[in-house]
Amino acid sequence: MHFSLITVCGLLTAAIAAPAPNSKRHVVHERRDRLPTHWNKNAKLHGDSFMPLRIALTQSNLDRADEFLMDVSHPASPNYGKHWSAKQIAETFAPSEETVTSITNWLADYGITSDRVKQSQSLNWIHVNMTVSEAEQLLKTKYYEYKYSFSDETHVACDEYSVPKDIQGHVDFITPTVHFDVKLKNPKKKRDLDANEIEIAKRQTAAAGHDVQPGTAKAVGNPNDGSLPKAGGKVPFGTILNQLENCDISIVPNCLRALYLFPPDFPANPKNSYGIVEYTPQAYLPSDLDMFFRNFSPSQVGDRPIFDSIDGGFLQTDMESFNYNGESDLDLEYAMSLVYPQKVTLYQVGDELEGASFNNFLDAIDGNYCTYEGGDDPNQDAVYPDPYGSGPGVYKGPENCGGFAATKVISTSYGYNEADLTPFYENRQCSEYMKLGLQGITFLYSSGDYGVAGNGGQCIDPTTGNYTDGSYGMFNPSFPGTCPYVTSVGATQVKPGASVTQPEEAAESVIYSGGGFSNVFSLPSYQKSAVSTYFAQHKPSYGPDRYNTSQQSRGIPDVSANGVNYVIAIDGNFSYVYGTSASSPTFGSVLTLVNAARLDVGKKSIGFINPVIYQNPGMFNDITSGGNQGCGTPGFTAVSGWDPVTGLGTPNFPKMLKVWLGLP
Ligand SMILES: *[C@@H]1O[C@H](CO)[C@@H](O)[C@H](O)[C@H]1NC(C)=O
Ligand SMILES: *[C@@H]1O[C@H](CO)[C@@H](O)[C@H](O)[C@H]1NC(C)=O
Ligand SMILES: *[C@@H]1O[C@H](CO)[C@@H](O)[C@H](O)[C@H]1NC(C)=O
Ligand SMILES: CC(=O)N[C@H]1CO[C@H](CO)[C@@H](O)[C@@H]1O
């Protein structure tokens, strides 16, 4: 009905105005409803002034991305394990020749000759310098200058723009138009900071996250980031001596080996690699690694990770406390000892003031991502060289764009609330995980520590959309876990009083395993059967005021591993730590051993694992008790089969090895 009404209107207009054929008629491509706060419309731009117009071309074959990824990742596919090269990916998704020709013909119709038109090296963009009046005719719009209320900064934009109907499918978006992705320069920080000011800036980082607003993408790693692990008390003397008898109160590496049945000193393969990502100011202390190794892996004393510094990433020592060393100490102490003698690569991302986001890391391991869909968002992602002055800990080099090799498994123990970021931002990043999955890389993200609530316990007010204090509101799942092309890892615990041979339960001490259903990403094919079985047999009683009840959206987590009572060496003491922050590096360690075994017999890395794991739920210890309370509710409950608390369950290494060695 709606559709036919539009058609009738279109015909009527055509009959009256008549000149252009329907396909050439302009249709609105993007429109902004309101100005961002503090921006005001100023003067109309002069028609003769020049501006650089950039047209982002639609990629080809993106609609087939899922099919391509399943082709190399589904256990039943004859092409299982035949991962793509970066070149093959660039060529497959490059805009088609038809797209490029349609755009150049359109420009020619408006008198813009091909000698003025350039295609970017990445093939994704058309660049043209044109006058404002040329652009206004081309896009049926008017350009204005906009002024910022609190500085003299200006920005060129329009309220909406149109393109001919027949080329709309070839245009992703055009700049400058409706977007306000302006990086505001703080006038106070334009010049270099003196030593005193740098100290103040560092203390601000310590206290409140300075310019990096909580909830912005580059705030990961900040000491108040809710995805960091949670500190417990000091470890009572003696409990770590009788290791295996105390796994219900003190998790040490041997407990994890006993729970998931994997051996120490599994032979390393020279082609294998395992990466852990950390965001400055989070940093490990070498003395903590040695303290841990002395007790739990004596041959590793003095062992350090392979160090990849991205965007000025370094091991800061200005601040030392759990909030600065807990995450990195935890991740590296466990990952390094569990995969030993395999080496671990540490990707340390971002400098001390500007920080970094997951996008900054992805840019470093895939240079093509730097410009994909307009590149990073300067309001969310870190910009380098660091705009905030100079001095120690401030990186003035160029942003890293490519040049860093991706390891076969990459574990990240940081995360956002899905509701922190826009669907556009999340879809762009999610496509990148898909492309890296095609190349045989496994991405693991922790699912969060607040059950159905978001980082720090935040839930969403169903009327205003604002975050609540966590006592009520809609559930708040975590991203990137909800991206269907990563593997989301939840947390379990040994039942109090139980031994390592007894079944674990969902984590309910200090933390609750992050889990739930996406509001952005739809249900992936590999998860359909598991999720529909869950709803058929255990439908939760909550309504749409609590979570996305469509039964058609991506569920998390996919898997889980112990995340409670880990003993770590931290700032010179042994203390307890809790979180899916622990679960993800542990799960990644198990996968790294599977990769070693496959590489040993000449097979490829396991790559994107989700299609295999949902086809082989038997290689997990199904977790069937415990829940993930939050938002003033008991949350979901762990049940037999997949559930939005512990996913498919915890690893059983011998069974995993059998499945993956049985695949080509
Ligand atoms: C547009 O003008 C700038 C500055 O003069 C120049 O660097 C750039 O190469 C031009 N771009 C195109 C596509 O001609
Ligand atoms: C929601 O948050 C916005 C921005 O923080 C605030 O201005 C507004 O008052 C809040 N609305 C309610 C109903 O609390
Ligand atoms: C539920 O999820 C689907 C996709 O996963 C999405 O399209 C839909 O908007 C979501 N519903 C709500 C109410 O957020
Ligand atoms: C409370 C406690 O035992 N703190 C110790 C932590 O480690 C430092 C350095 O090893 C000791 O000096 C503290 O006594």
Side-chain angles (χ1 to χ4, degrees), residues 45 48-57 63 65-66 100 103-104 106-108 110-132 134-135 138 156 174-176 371 374 416-431 433-434 452-454 458-467 473-486 488 515-528 530-532 534-535 539-540 542-558 610 631 636 644:
L45 281 193
D48 293 338
S49 42
F50 262 87
M51 63 181 197
L53 200 82
R54 285 158 46 93
I55 303 170
L57 307 176
D63 55 326
D66 197 74
V100 178
I103 301 285
T104 44
W106 169 44
L107 293 170
Y110 283 79
I112 296 155
T113 48
S114 60
D115 55 314
R116 291 171 60 193
V117 178
K118 282 190 197 139
Q119 189 171 5
S120 71
Q121 218 166 3
S122 64
L123 306 177
N124 293 332
W125 292 89
I126 297 272
H127 296 225
V128 205
N129 290 330
M130 57 172 72
T131 63
V132 166
E134 280 177 321
L138 189 72
V156 167
I174 299 176
T175 70
T371 50
Y416 308 123
N417 299 330
E418 190 184 67
D420 286 345
L421 299 158
T422 64
F424 174 82
Y425 183 99
E426 291 172 332
N427 274 296
R428 175 177 180 265
Q429 190 173 109
C430 189
S431 293
Y433 296 121
M434 176 275 295
V452 292
Q458 292 163 321
C459 305
I460 304 167
D461 186 301
T463 349
T464 66
N466 285 0
Y467 283 155
M474 291 191 65
F475 302 166
N476 197 358
S478 66
F479 177 81
T482 53
C483 164
Y485 304 128
V486 308
S488 171
F517 296 90
S518 174
N519 295 311
V520 175
F521 296 99
S522 54
L523 183 61
S525 57
Y526 61 76
Q527 208 183 26
K528 274 203 169 110
V531 168
S532 67
Y534 170 75
F535 278 110
K539 192 172 181 306
Y542 309 115
D545 57 331
R546 289 294 189 178
Y547 79 107
N548 192 325
T549 52
S550 65
Q551 303 190 16
Q552 296 302 320
S553 76
R554 158 95 166 120
I556 58 162
D558 295 300
N610 293 10
C631 308
F636 300 110

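The residues of the chain are indexed from 1 along the displayed sequence. Keep in mind it's a predicted model, so treat the numbers as computed, not measured. We count ligands from 1, going down the list as the structure has it; atoms in each ligand are counted the same way.
- Between Tyr547 and Phe535, the two ring planes are parallel [angle under 30°; tilted spans 30° to 60°].
- Evaluated by nearest non-hydrogen atom to atom 12 (C) of ligand 3, the leading choice among Val520, Asp545, Thr482, Asn548 is Asn548.
- Atom 7 (O) of ligand 3 is never approached by the protein to below 4.0 angstrom, counting heavy atoms only.
- Protein heavy atoms come within 4.0 Å of atom 14 (O) of ligand 1.
- Between Phe636 and Phe517, the angle of the ring planes goes over 60°, which puts this pair in the perpendicular group of the 30/60° scheme.
- Judged purely by distance below 3.5 Å, without hydrogens or angles, the side chains of Asp66 and Tyr485 pair a donor atom with an acceptor atom.
- Within the 4.5 Å cutoff, the side chain of Pro484 has heavy atoms near those of the Cys430 side chain.
- Atoms of ligand 3 lying under 4.0 Å from any heavy atom of Ser553, numbered from 1 in the order shown and given with element: 2 (O), 5 (O).
- The nearest protein atom to atom 3 (C) of ligand 1, hydrogens excluded, is given as Asn129 ND2, 3.6 Å; this is a heavy-atom distance.
- Between the Asn610 side chain and the Val486 main chain, a donor and an acceptor come within less than 3.5 Å of each other.
- Annotation: atom 9 (O) of ligand 3 to nearest protein heavy atom, Asn519 O, 4.1 Å.
- Near Ser518, meaning under 4.0 Å from one of its heavy atoms, ligand 3 places the atoms 2 (O).
- Under a 4.0 Å N-O distance rule, the pair Arg116/Glu134 qualifies as a salt bridge.
- In terms of polar-atom proximity, defined here as any N/O pair under 3.5 Å, Phe521 does make such a contact with ligand 3.
- With a 4.0 Å heavy-atom cut-off, ligand 3 is reached by no atom of Pro544.
- One side chain, Glu418 or Ser518, offers a donor N or O that lies under 3.5 Å from an acceptor on the other.
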